[in-house]
Each structure stands twice: as C-alpha cells, then as structure tokens.
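Notes for the one structure printed next.
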Amino acid sequence: MKIEIDVPDGVSGDWRVETFIVKERELSQMLSLLKTGRGVPAGTYKRLMHNHDVVMSNTPDEIRDFLNFFYKAKGSILINGLGMGVLIKALLTKPEVTDITVIELSSDVIKLSGPTYEKDPRVTIIQSDAFTWKPPKGKKYDAIWHDIWDYLCGDNIPEMDKLHRKYRSKTTYQESWGRAFCKRAARGYY
C-alpha cells in the first residue's frame with residue numbers, strides 16, 4: 001500500500017515537512033533505527049523532521065506498521081499523535097470510519113499537517129497531551145491508535161502501557177506504534 005501525502009512541504013518552529021527521494025539501491029538511514037531491518041525502496045516520499053531527526057515518513061515500513069490497525073478500524077477513532085497524518089489519510093478512505101479525533105501536543109505539527117485533514121468534517125484535531133487529555137464524558141471509541149514516539153525502542157514500553165491503561169475503558173481495541181518490536185527490544189532481543 002502506498003499513501004501519497006498531501007501535506008505541503010513547510011517549516012513551523014523546529015518542525016518541518018519535506019519531500020525526499022531515495023535513489024535505486026540506496027539504503028536509507030533516515031530512521032536511525034539500528035538492527036530493525038528497515039529500509040526504504042527507491043521512490044519519492046515525505047518526512048516530518050524535528051530539528052535534525054526524522055519523526056515519521058510515508059515509507060512502506062511505516063505504513064506496514066499500522067496496517068493491522070487500519071484493517072480493523074471502523075466507527076469512531078482516536079489517534080494520539082498527528083505527525084503527517086498518514087494513518088488519517090488511509091482511514092478517510094474507509095466509509096465505515098465515522099469520525100477521527102486526533103490529539104497532538106505540538107502546535108507546530110498542527111500548523112503543518114492539520115489544514116490538510118481538518119477540511120474533512122470527520123476529522124477533529126485537538127492540541128493536547130495524550131497523557132492528560134480527557135475524552136468527553138461517556139464517549140467510547142471503536143479503536144484507538146497511539147503513535148507519539150520518535151523511535152522504536154524498549155524505552156517506549158512504560159509510556160505505551162500507561163496509555164493503554166488510561167484508555168482501556170474508552171475502547172475495546174487499541175494499538176501502539178511498534179509495540180511488539182519495542183517489547184522484544186526491552187527484553188534484550190535486539
């Protein structure tokens with residue numbers, strides 16, 4: 001699955017969205033992920049940068065990371081972490097998705113990516129912290145996706161567990177970006 005991103009290249013504060021090209025047979029080190037086996041095939045992509053670090057992209061590996069969630073998601077969706085909205089763009093192609101609420105901490109990320117998705121009446125973007133934001137009283141979500149980390153590593157597990165506990169009464173289905181990988185890393189398998 002390839003997902004073209006409509007978010008324009010731009011800069012806001014320490015954040016930027018930029019187009020990049022991976023040439024044939026070039027291995028991309030853009031994610032700075034050691035021992036993950038992740039690579040980027042030749043093509044044109046977008047990435048979200050914070051200072052000099054890649055936070056996310058629309059590369060095939062990053063899209064594969066949320067495919068299980070994408071296939072299961074329907075109804076009312078909560079996403080913690082906006083990024084460039086790659087998952088949002090995919091979810092908006094599903095008629096069974098009724099609404100998407102996105103919690104994003106950075107006002108700069110919202111300035112860069114928000115206008116692309118807020119045009120759709122099913123999307124609501126809220127500037128807040130996933131750990132402190134409270135859903136409206138009585139609100140239940142059909143699925144929740146947590147993606148607030150810059151890197152896949154075992155250190156993410158305590159925060160993932162905290163978010164899963166916080167939102168477990170608000171949904172019957174939730175996932176975190178790369179959680180299985182992070183659990184293996186925390187156990188020393190990488």
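As a basis for the values below, the full set of heavy atoms in this structure was taken, side chains included, without hydrogen atoms, waters or symmetry mates. Note that this is a predicted model, so its numbers are computed, not measured.
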CG (L105) and CG (N80) are apart, to the nearest 0.5 Å, by 10.5 Å
Correct closest heavy-atom pair for M160 and C182 would be CE-SG, 3.8 Å
Run the side-chain donor-acceptor check on residues 137-144: report pairs under 3.5 Å with partners two or more places apart or on a different chain.
residue: K139; atom: NZ; partner: S76; partner atom: OG; Å: 2.8
residue: K140; atom: NZ; partner: S169; partner atom: O; Å: 2.4
residue: D142; atom: OD2; partner: S76; partner atom: N; Å: 2.7

Taken in chain and number order and not counting sequence neighbours, the residues that satisfy ring-ring contact (aromatic ring centres under 6.0 Å, His included) with Y167 are H146
For P60 and Y45, the nearest pair of non-hydrogen atoms, with its separation, is CD-CE2, 3.7 Å
Taken to the nearest 0.5 Å, the spacing of M84 CE from M56 CE works out to 4.5 Å
Is there a continuous path of hydrophobic side-chain contacts, each under 4.5 Å between heavy atoms, that joins W149 to L48? yes
Practice task
Answer yes or no: is there a donor N or O on one side and an acceptor on the other, between the side chain of D147 and the main chain of I79, under 3.5 Å?
Solution key: no
- Message: Is the shortest side-chain heavy-atom distance between I148 and F131 below 4.5 Å?
- Response: yes
Report yes or no: do L67 and F69 belong to one cluster of Ile/Leu/Val/Met/Phe/Trp/Tyr joined by side chain heavy-atom distances under 4.5 Å? yes
Nearest heavy-atom contact between I3 and N58 is O-ND2, 2.9 Å
Between S113 and G83 the two heavy atoms that sit nearest each other are OG-O, 2.8 Å
Quick note, salt bridge (Lys or Arg N to Asp or Glu O under 4.0 Å) partners involving residues 108-135, not counting sequence neighbours, are D120-R122
Rounded to the nearest 0.5 Å, the CZ atom of R64 sits from the OG1 atom of T59 at a distance of 8.0 Å
- Task: Please check if atom NZ in K170 has more than 12 non-hydrogen atoms from other residues, nucleotides or ligands closer than 6.0 Å.
- Result: yes
Q. So if you build clusters from Ile, Leu, Val, Met, Phe, Trp, Tyr with side-chain heavy-atom gaps below 4.5 Å, do I126 and I100 land together?
A. yes
Do V7 and K46 have side chains that approach each other closer than 4.5 Å (heavy atoms only, starting at C-beta)? no
Shortest non-hydrogen pair, G178 vs L152, comes out as CA-CD2, 3.5 Å
Residues pairing under side-chain hydrogen bond (donor to acceptor under 3.5 Å, both in side chains) where one sits in residues 85-96, two or more places apart or in two chains, turn out to be D6-K89
NZ of K74 to CG of L91, rounded to nearest 0.5 Å, is 13.5 Å
One should read off an interatomic distance between E104 CD and W133 CH2, to the nearest 0.5 angstrom, of 13.5 Å
Hits for salt bridge (charged side-chain N to carboxylate O under 4.0 Å, His left out) against D161, two or more places apart or cross-chain, chain-then-number order -> R179
- prompt: Do K2 and I63 come within less than 4.5 Å of each other through their side chains, counting heavy atoms only?
  reply: no
Margin query: Just so I know, are the side chains of I88 and I77 near enough to count as touching, which here means a heavy-atom distance under 4.5 Å?
Written below: no
When every non-hydrogen atom of L163 is compared with those of Q174, the smallest separation belongs to O-OE1, 3.9 Å
(Q) With heavy-atom distances below 4.5 Å as the criterion, would you say the side chains of V97 and L92 are in contact? (A) no
Practice item. Report yes if the side chains of T124 and D99 come closer than 4.5 Å at any heavy-atom pair, otherwise no. Key: no
Could you pull out every donor-acceptor pair under 3.5 Å between side chains of residues 14-22 and any protein atom, sequence neighbours left out?
residue: W15; atom: NE1; partner: S106; partner atom: OG; Å: 3.4
residue: R16; atom: NE; partner: E18; partner atom: OE1; Å: 2.8
residue: R16; atom: NH1; partner: N51; partner atom: O; Å: 2.9
residue: E18; atom: OE2; partner: R47; partner atom: NE; Å: 2.6
residue: E18; atom: OE2; partner: R47; partner atom: NH2; Å: 2.9
residue: T19; atom: OG1; partner: D9; partner atom: OD1; Å: 3.0
residue: T19; atom: OG1; partner: D9; partner atom: OD2; Å: 3.1

**Asked** Within the distance-only criterion (no hydrogens, no angle test), does the side chain of Y117 pair as donor or acceptor with the backbone N or O of G85 below 3.5 angstrom?
**Response** yes
